[in-house]
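Below is one structure, written out as structure tokens; the observations come after it.
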Amino acid sequence: MLRVGLSVLCIVAALSLSAQNCFDFHRTNCCPLQNNPYVHYAVSNKSTSFALKPGDSRCILFEVFSGKDYRMTLCSDSLYSGIVSFQIRDDNSVLYDNSDEDFNTFLEFSCRKTTHVELIISAPNRSDVASETKGCIGLLIEEAITPVLGF
Amino acid sequence: MNIKTLKLSLALLLMLPMFGFGQTNDYSMRKCFGYQRDSCSRSDNVYYKMTDESRSALFVKGQSSRVRISIYNGRDYRVSFCHDRVLGEGIIMRIIDAETENTLYDNSEDNFATEFEFTVTQTRDVFVEIEIPGSSALADAENNSDLIFVRKDTDMGCVGILVEHMITPPKGF
């Protein structure tokens, strides 16, 4: 019994160690490209980092609220050389696809309608690396209340 | 260090957390607060006084917005505006009769002047309208309620309207 318990503990420890390779990757590597002096952003707790194999995808469920501004910054380690696909989808359609914009890593928008969206991040295929190789990807999400425009 | 200084330091130390809690994360209030007071140049005429109807606000390219002010018979007014450079040149200021919607003054017919002085002979309400030339996704999305999100323009800037007035000086002997 003790042996089984120890084995489980070892497996969990090994898994958590490998997961921690990308721990807080978004905090240390994702740097917003533009700074808007009129909007004061706060980091959302939906910001995340994870390891992804070439060709794999990760879907993050996210709720955007009307009356809020969002700033999303994508970053990845050298394995993906900055070419990571990023899509925002709602139930019906693709709202944003960064492959239309040369794999842009920075998006700032104002939300007009509260809705649930899926943030889909896909790593590019790499034939030159081992299939088990993983690279870190981070998504920094910042949010702020939309500033009032006009008098 | 005497007792009085020690007490004062202790009181300040105890008050420190209160300042921390006093901070707010609510950034929904209008930005550009006091811009018209700090950035617009006042008249050289010392008799002009700034009115409380002076305003400032955040603008993007392609946006227009108006503010309603009351002007009174027997007074001279100087209405001027100033803006952040990011909004570009050729900003339009109109003064519109609030009742009839007639345009009383349009600076695009006056070489885009940034100030206008006039004497009032009838008390009434007018709109001072500011229009920023150009276009932006945010301004275009104003009338489209179907959009879920709009790409942000970082080209935002402040516009201030400075309204100054004085009693119309008597003419002649």
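Quantities reported herein were computed from a predicted structural model and do not represent experimental measurements. All chains are named by letter (A, B, ...) in the order of the sequence lines, taking the proteins before the strands, and each is independently numbered beginning at 1.
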Within 6.0 Å of CG in B:Asp44, more than 12 heavy atoms from elsewhere: no
Co-membership, hydrophobic cluster, residues A:Phe62 and A:Phe86, 4.5 Å side-chain: yes
Shortest non-hydrogen separation from B:Arg151 to A:Tyr96 and the atoms involved: NH1-CE1, 3.4 Å
ILVMFWY cluster, A:Phe109 and A:Leu119 together (side-chain gap under 4.5 Å): yes
Please report, to 0.1 Å, the donor-acceptor pairs under 3.5 Å made by any side chain of residues 26-33 of chain A, with sequence neighbours excluded.
unit_1, atom_1, unit_2, atom_2, d
A:His26, ND1, A:Ser49, OG, 2.6
A:Arg27, NE, A:Asp24, OD1, 3.4
A:Thr28, OG1, A:Asp24, O, 3.3
A:Thr28, OG1, A:Phe25, O, 3.2
A:Asn29, ND2, A:Phe25, O, 3.1

Closest non-hydrogen atom pair, A:Pro147 against B:Met156: CG-CE, 4.4 Å
Euclidean distance, A:Tyr70 OH relative to B:Phe149 CZ, rounded to 0.5 Å: 11.5 Å
Connected via hydrophobic side-chain network under 4.5 Å: A:Val39 and A:Ile145: no
Proximal to chain A - members of residues 113-134 of chain B, heavy-atom separation under 4.5 Å: B:Ile130
A:Asp100 atom CG, neighbour heavy-atom count above 12 within 6.0 Å: yes
Single-linkage hydrophobic cluster B:Tyr77~B:Met50, side-chain heavy atoms < 4.5 angstrom: no
Heavy atoms of other groups near A:Glu63 CD, more than 12 under 6.0 Å: yes
Shared hydrophobic cluster, B:Ile96 / B:Val159 (ILVMFWY, side-chain heavy atoms < 4.5 Å): no
B:Glu99, CD: over 12 other non-hydrogen atoms inside 6.0 angstrom: no
Close contacts, residues 64-74 of chain B versus chain A, judged by heavy atoms under 4.5 Å: B:Ser65, B:Arg66, B:Val67
Which donor-acceptor pairs under 3.5 Å do side chains of residues 110-117 of chain A form with protein atoms, sequence neighbours excluded?
unit_1, atom_1, unit_2, atom_2, d
A:Ser110, OG, A:Asp69, OD1, 2.6
A:Thr114, OG1, A:Ser66, N, 2.9

Distance, nearest 0.5 Å, that separates CZ of B:Phe59 from CG of A:Leu149: 8.5 Å
Rounded distance [0.5 Å steps], CG in B:Leu58 versus CZ in A:Phe151: 11.0 Å
